[in-house]
Each structure stands twice: as structure tokens, then as C-alpha cells.
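The structure appears below as C-alpha cells.
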Amino acid sequence: MEPIVGWAGDGAGGPAVVVLDQRALPHRTGYLRLSTVDAVVDAVRSLAVRGAPCLGLVGGYGVALAAHLHGTATPVALAAVRDAAERIATARPTAVPLALGARRALAALDGGPAAVLAAARAADAENARVDAAAARRAADEVLRLCPDRPVRALTVCNTGPLATGATGTALGALLVLHERGALGEVLACETRPLLQGARLTVWELAAAGAPHRLCVDSADPAALAGGLVDVVLAGADRIAANGDVANKIGTYMLACAAARSGIPFLVVAPEETVDPDTPTGAQIVVEERDPDEVRLHGGTLQTVPGTPVYNPAFDVTPHDLVTGIVTEDRVWMPGADAATAGPTRG
Ligand code: MRU
């Protein structure tokens with residue numbers, strides 16, 4: 001399979017960012033060739049490409065595209081690239097890696113388009129290393145917490161290779177457990193309204209041959225209370241310095257239910273997701289999306305036309321509900337040590 005996010009600059013079609021169109025999955029596997037900054041921004045906003053680490057890759061390659069389209073030889077060209085970088089970085093507000101990826105690539109602007117692309121490629125390689133390390137560490141932590149039998153886990157949204165462009169974070173850890181023969185079952189929440197769990201996580205679990213079942217989001221507390229689950233794993237889009245976690249809408253509900261049932265709730269994410277400039281979850285900007293994502297299902301209206309809608313893409317789980325945040329570097333227990341902050345980012 002081609003990369004989830006990649007660069008296609010050497011062919012006859014001119015420079016482009018290529019992404020797997022996740023809107024069409026699981027029914028169709030198709031790639032989008034994004035050859036303008038508008039197309040990159042649109043792919044991010046429409047969730048053709050999604051998941052925090054994948055957005056970081058798009059941020060880097062998107063700025064490389066802008067540098068190739070505008071060049072870097074004049075002040076006007078440099079201003080155009082900077083403007084494009086800003087548009088890409090702010091296409092969605094919640095995930096840390098999008099703006100970080102764009103900013104890192106932009107830092108190489110003085111070296112010209114080739115240097116910007118090299119920075120995006122280096123970030124891509126580093127993402128793969130970090131992702132695999134976090135998944136392995138999280139798998140170890142799950143086995144430490146749940147040593148008694150093949151692990152039955154519940155997960156939300158999609159945090160696998162489709163979301164990271166590499167091995168995956170929370171789902172990556174579950175795939176590692178499956179490889180080790182230690183996975184009993186994954187309960188995948190469908191993740192209304194855009195069904196990343198039903199469409200993407202199930203697709204990835206099925207492809208890996210990992211045992212799984214799908215459930216509606218509102219079944220989560222019952223599954224936890226009913227003894228079907230040993231551990232909950234989630235990803236993160238932004239983690240505040242105090243350990244509050246922004247992730248897909250429904251994550252907070254899961255953390256509450258896990259706490260009520262005495263089940264560990266783990267977050268798996270790259271260290272760069274911890275934002276030292278965001279002291280607590282109260283400062284995290286939560287993206288609110290198109291009302292029609294809720295009003296319509298499969299293109300069919302499910303409610304009274306024009307019904308006002310509340311459609312936050314994410315929620316914030318307070319750190320005291322988080323058993324551990326597993327990154328490539330550490331297992332951080334923000335609930336146990338509220339004074340611990342993430343490292344300063346370079
Ligand atoms: O709106 P999405 O599909 O981009 O939301 C994705 C999530 O919430 C993921 O859990 C998060 O980005 C972590 S991806 C490893």
C-alpha cells in the first residue's frame with residue numbers, strides 16, 4: 001500500500017501532496033493528489049486526511065508544496081509561502097501536530113524548496129520512529145496493568161496507521177499486543193457522527209486479523225460495567241501541561257465510565273502532543289463542525305430540517321480521570337502527580 005500521506009514531486013504532474021482519501025473507506029481505496037494549497041486545506045477540513053500525527057505530516061508536506069509552487073527567491077514569494085503555511089496550520093484548531101508540522105517545515109525556508117521538503121521528510125521519518133516506540137511502550141504498560149489473560153480493550157475513534165501514517169498510537173499498541181498473542185478482543189466504538197471507529201478502526205483490525213466487535217458509543221458504559229473490558233485506550237489531539245486530554249468526542253464519557261468501573265484509562269500519543277503553552281484543558285480550542293454531520297446519516301436527513309445542532313469534534317478529559325499518558329519517552333500519570341508538566345518543546 002502507498003503511504004497514507006506522501007510527496008509526489010518528481011513526476012510529470014508537478015509537485016503534490018498525495019493522501020489516501022479516508023472519507024471513502026472502507027468501501028473504496030482511492031488517493032487524492034493535492035497540487036494546490038487550497039486542496040490541502042480542503043482535504044484537512046473535510047477529513048479526507050485526519051488523525052493528529054497524520055495532520056502533522058500534511059502540515060510539513062503542505063508547506064513544502066507551497067515552497068515549490070511559489071519559490072523562495074523573492075520577498076513576495078517568501079510572504080506567499082508564509083501565508084500558505086498559516087492557512088494550513090490553522091485549517092483545524094485542536095490537534096497540536098498540524099501547526100507544529102507546518103512550523104517545522106517553514107523553519108527551513110531559508111534553504112529553499114528542497115530544504116523545506118527535506119524537513120518535511122525528516123519529520124515523517126521521526127514520526128514513524130516515535131509512533132512505533134509509543135505503541136510498544138503502551139503495549140508493555142497494558143500488560144503490566146492487565147497481566148492475567150488475553151487483554152480485552154475498548155477504543156474510540158481511529159488511532160491506527162490511518163491516523164498516524166505509521167504504526168498507530170492507541171490502536172498501534174493493540175496491534176502490537178495482537179502480534180504478541182496477548183489480545184483477547186477489541187471493542188471498537190463506532191464514533192458518531194463520522195464513524196471513524198466503524199469505518200476505519202474496524203477496517204484496520206480486520207486487515208490485521210485481530211479479534212474485534214463493533215458497538216454503538218452509548219454501549220460503552222454498559223460494556224465497562226458489565227465486565228467486558230480490561231482497559232480503555234485512546235489517542236490525543238492535544239494534551240495540556242497539566243495532563244488534561246483533548247480527543248475525539250465521547251472520550252470524556254469513556255473516561256468517566258472507566259473510572260466508575262475501576263478500569264484503567266490510558267492515552268497513547270507522541271510527546272509533541274503535550275503542549276506546554278496550554279496550561280489546562282480549559283484553554284484548548286475544540287473544533288465545532290458542520291451541523292449536517294449530525295443531521296444527516298449516509299446523505300439522508302434524520303431529523304427535522306434545520307434543527308440546531310451541537311457538534312464538537314473533540315472533548316477534554318480531566319487529568320484525574322487518566323490512569324496514564326504513554327508517549328515514546330515515558331508513562332506519565334498526571335492524576336497521580338498533578339504537579340508534573342510536559343517537557344518544553346524545542
Ligand atoms: O477528527 P479526527 O478523525 O481527526 O479525530 C481523530 C482523533 O480524535 C484521534 O483520536 C486523535 O487524532 C489521535 S490519532 C492517533
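This one's a predicted model, so the numbers in the text were calculated from it and none came from an experiment. Any value given below was found using the heavy atoms of this structure, including those in side chains, with hydrogens, waters and symmetry copies removed. When a ligand or atom number is given, it counts from 1 through the structure's own listing order.
- Ligand-side atoms of ligand 1 in range of Arg92: 1 (O), 2 (P), 4 (O), range being under 4.0 angstrom from any heavy atom.
- Short contacts between ligand 1 and Pro53, defined as distances under 4.0 Å to a heavy atom of the residue, involve ligand atoms 14 (S), 15 (C).
- In this structure, Asp275 pairs ionically with Arg238, as a charged nitrogen and a carboxylate oxygen lie closer than 4.0 Å.
- The closest side-chain heavy-atom distance from Val245 to Thr251 is not below 4.5 Å.
- In this model, no donor atom of one side chain and acceptor atom of the other lie less than 3.5 Å apart for Asn242 and Thr280.
- The environment of Arg260 atom CZ is sparse: at most 12 non-hydrogen atoms of other residues, nucleotides or ligands sit within 6.0 angstrom.
- Near Lys248, meaning under 4.0 Å from any of its heavy atoms, are these atoms of ligand 1: 1 (O), 2 (P), 5 (O), 8 (O).
- Only the side chain of Thr164 comes within 4.0 Å of ligand 1, counting heavy atoms alone; its backbone N, CA, C and O stay farther away.
- The distance from the CG atom of Asn158 to the CZ atom of Arg199 is 9.0 Å, given to the nearest 0.5 Å.
- Ligand 1 has no atom lying under 4.0 Å from any heavy atom of Ala313.
- For ligand 1, the polar-atom distance check finds an N/O of Asn247 within less than 3.5 Å of one of the ligand's N/O atoms.
- Between Glu287 and ligand 1 there is no heavy-atom distance shorter than 4.0 Å.
- Close approach to Thr169 involves these atoms of ligand 1, each under 4.0 Å from a residue heavy atom: 15 (C).
- Atoms of ligand 1 lying under 4.0 Å from at least one heavy atom of Arg50, given by number and element, are 2 (P), 3 (O), 4 (O), 6 (C).
- For ligand 1, none of its N or O atoms has an N or O atom of Thr159 under 3.5 Å away.
- Ring planes of His68 and Trp7: tilted class, angle from 30 to 60°.
- The ligand atoms of ligand 1 that sit less than 4.0 angstrom from a heavy atom of Ala52 are 12 (O), 14 (S).
- If you number the atoms of ligand 1 from 1 as listed, the ones under 4.0 Å from a heavy atom of Cys157 come out as 5 (O), 6 (C), 7 (C), 8 (O).
- When hydrophobic clusters are built by joining Ile, Leu, Val, Met, Phe, Trp and Tyr residues whose side-chain heavy atoms come closer than 4.5 Å, directly or via intermediates, Leu69 is grouped together with Val17.
- Of the listed residues (Asp237, Val44, Asp131), the one carrying the non-hydrogen atom nearest atom 7 (C) of ligand 1 is Asp237.
- There is a side-chain donor-acceptor pair under 3.5 Å between Glu293 and Asn311.
- Separation of the His27 and Trp203 ring centroids does not fall under the 6.0 Å cut-off.
- Those atoms of ligand 1 with a heavy atom of Gln196 less than 4.0 angstrom away are 1 (O), 2 (P), 3 (O).
- Residue contact annotation: Ala95 has no non-hydrogen atom under 4.0 Å from ligand 1.
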